[in-house]
Amino acid sequence: MTRALLIVDVQNDFTEGGALGVSGGHAVAEGITRHLAAHAADYTAIIASRDWHDATGDNGGHFASGVPDFVDTWPVHCVADTTGAEYDPGLDTAPITHHVKKGQGRAAYSMFEGTTDGGGTVMDLLAEHGIESVDIVGIATDHCVRATALDALRYGQHVRVLSDLVAGVAPEPSEDSLAELVRAGAEVV
């Protein structure tokens, strides 16, 4: 079975010290680097996403104008061409075959909502390479990893979430998200 690795939002603003940093984010970046060193050849494509928000405006209401609710509105984060939007330095990007930017001017949680610099989608990439199965890693388990995995399932992919290579905002919602993904048909390994 042809497999891709989907690396979700391993960015400075989502790792420790960032605008929305999660505990364990740096460790996830380093863990993905180790995983790629050992397993990059197992994947037909290695696709990484980044939130890439506009510097002006509220990005379709995604950035809070006052106090964020951390459900639909958030503090400013991952603004295009800033340090916060760049990959965490612990992630070796050399093995990545495709880069996807999402959220440009709007809210976007799933990698499948993004586009490559050439305008392609993640589904385009998977179809082009005949990929039927994806491993998913990254940040945050209870938000963008969850949304990406659910979309991959909707698009007919066999989905595995590598649980030692994800980090969530909070333990309970992260555990609930992984359980939801299993109920939806994903494997958590």
Side-chain angles (χ1 to χ4, degrees), residues 4-37 40 45-122 125 135-149 162 164-170 173-174 177:
L5 179 66
L6 306 183
I7 303 170
V8 181
D9 300 354
V10 181
Q11 298 170 261
N12 291 323
D13 270 349
F14 295 139
T15 58
E16 291 87 346
L20 290 170
V22 300
S23 180
H26 290 310
V28 163
E30 293 167 354
I32 294 169
T33 293
R34 286 189 301 276
H35 180 76
L36 287 170
I46 300 168
I47 306 168
S49 69
R50 285 184 285 173
D51 262 8
W52 201 256
H53 295 301
D54 292 345
T56 58
D58 66 2
N59 286 274
H62 190 61
F63 289 170
S65 59
V67 177
D69 65 13
F70 296 97
V71 176
D72 296 311
T73 61
W74 303 89
V76 173
H77 63 279
C78 298
V79 172
D81 298 313
T82 66
T83 301
E86 295 304 324
Y87 293 113
D88 182 275
L91 176 66
D92 178 6
T93 60
I96 296 170
T97 60
H98 302 87
H99 299 270
V100 173
K101 294 176 182 169
K102 61 187 184 66
Q104 299 162 325
R106 61 188 176 89
Y109 296 92
S110 170
M111 174 188 287
F112 288 84
E113 297 175 86
T115 57
T116 65
D117 288 339
T121 67
V122 173
L125 293 171
D135 288 350
I136 300 176
V137 299
I139 303 169
T141 309
D142 39 350
H143 293 283
C144 296
V145 167
R146 174 188 169 273
T148 298
L162 307 185
D164 58 340
L165 298 176
V166 295
V169 173
S174 293
S177 293

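Everything numeric here is computed off the predicted structure, so don't read it as measured data. One is the number of the first residue; the rest follow in order along the sequence.
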Any donor-acceptor pair under 3.5 Å linking the side chain of [X] with the backbone of [Y]?
X: His53; Y: Cys78; value: no
X: Ser174; Y: Thr141; value: no
X: Gln104; Y: Asp54; value: no
X: Thr33; Y: Asp92; value: yes
X: Asp142; Y: Val169; value: yes

Closest approach of [X] and [Y], non-hydrogen atoms and distance?
X: Ala107; Y: His62; value: CB-ND1, 3.4 Å
X: Ala108; Y: Asp51; value: O-OD1, 3.7 Å
X: Val22; Y: Ile139; value: CG2-CG2, 3.7 Å
X: Asp72; Y: Asp69; value: N-OD1, 2.7 Å
X: Val71; Y: Tyr109; value: O-OH, 3.5 Å
X: Leu20; Y: Phe70; value: CD2-CE2, 4.0 Å

Rounded to the nearest 0.5 Å, how far does [atom2] of [Y] lie from [atom1] of [X]?
X: Lys101; Y: Thr116; atom1: NZ; atom2: OG1; result: 10.0 Å
X: Arg50; Y: Tyr87; atom1: CZ; atom2: OH; result: 4.5 Å
X: Thr93; Y: Ile32; atom1: OG1; atom2: CD1; result: 12.0 Å
X: Asp135; Y: Leu162; atom1: CG; atom2: CG; result: 4.5 Å

Verdict with reasoning, Leu36 to Leu5, per side chain to side chain contact (heavy atoms under 4.5 Å, CB included): CA-CA 9 Å; Leu36 287 170; Leu5 179 66; 3.6 Å; yes

From CA spacing to verdict: side chain to side chain contact (heavy atoms under 4.5 Å, CB included), Phe63, Val79: CA-CA 11 Å; Phe63 289 170; Val79 172; 4.3 Å; yes

Side chain to side chain contact (heavy atoms under 4.5 Å, CB included) evaluation trace for Ile7 with Ile46: CA-CA 8 Å; Ile7 303 170; Ile46 300 168; 3.8 Å; yes

For His26, ring pair (Phe, Tyr, Trp, His ring centres under 6.0 Å) partners two or more places apart: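 In terms of ring pair (Phe, Tyr, Trp, His ring centres under 6.0 Å), with neighbours along the sequence ignored, His26 is linked to no residue.
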
Centroid-centroid distance, His143 to Phe14, less than 6.0 Å: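 They do not qualify: ring centres at least 6.0 Å apart.
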
Residue pairs, two or more places apart or on separate chains, that pass side chain to side chain donor-acceptor pair (under 3.5 Å) and touch residues 4-15: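 Residue pairs with at least one partner in residues 4-15: Asp9-Ser49, Asp9-Lys102, Thr15-Asp88.
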
Criterion side chain to side chain contact (heavy atoms under 4.5 Å, CB included) on Phe112 and Thr148, from CA distance to verdict: CA-CA 6 Å; Phe112 288 84; Thr148 298; 4.0 Å; yes

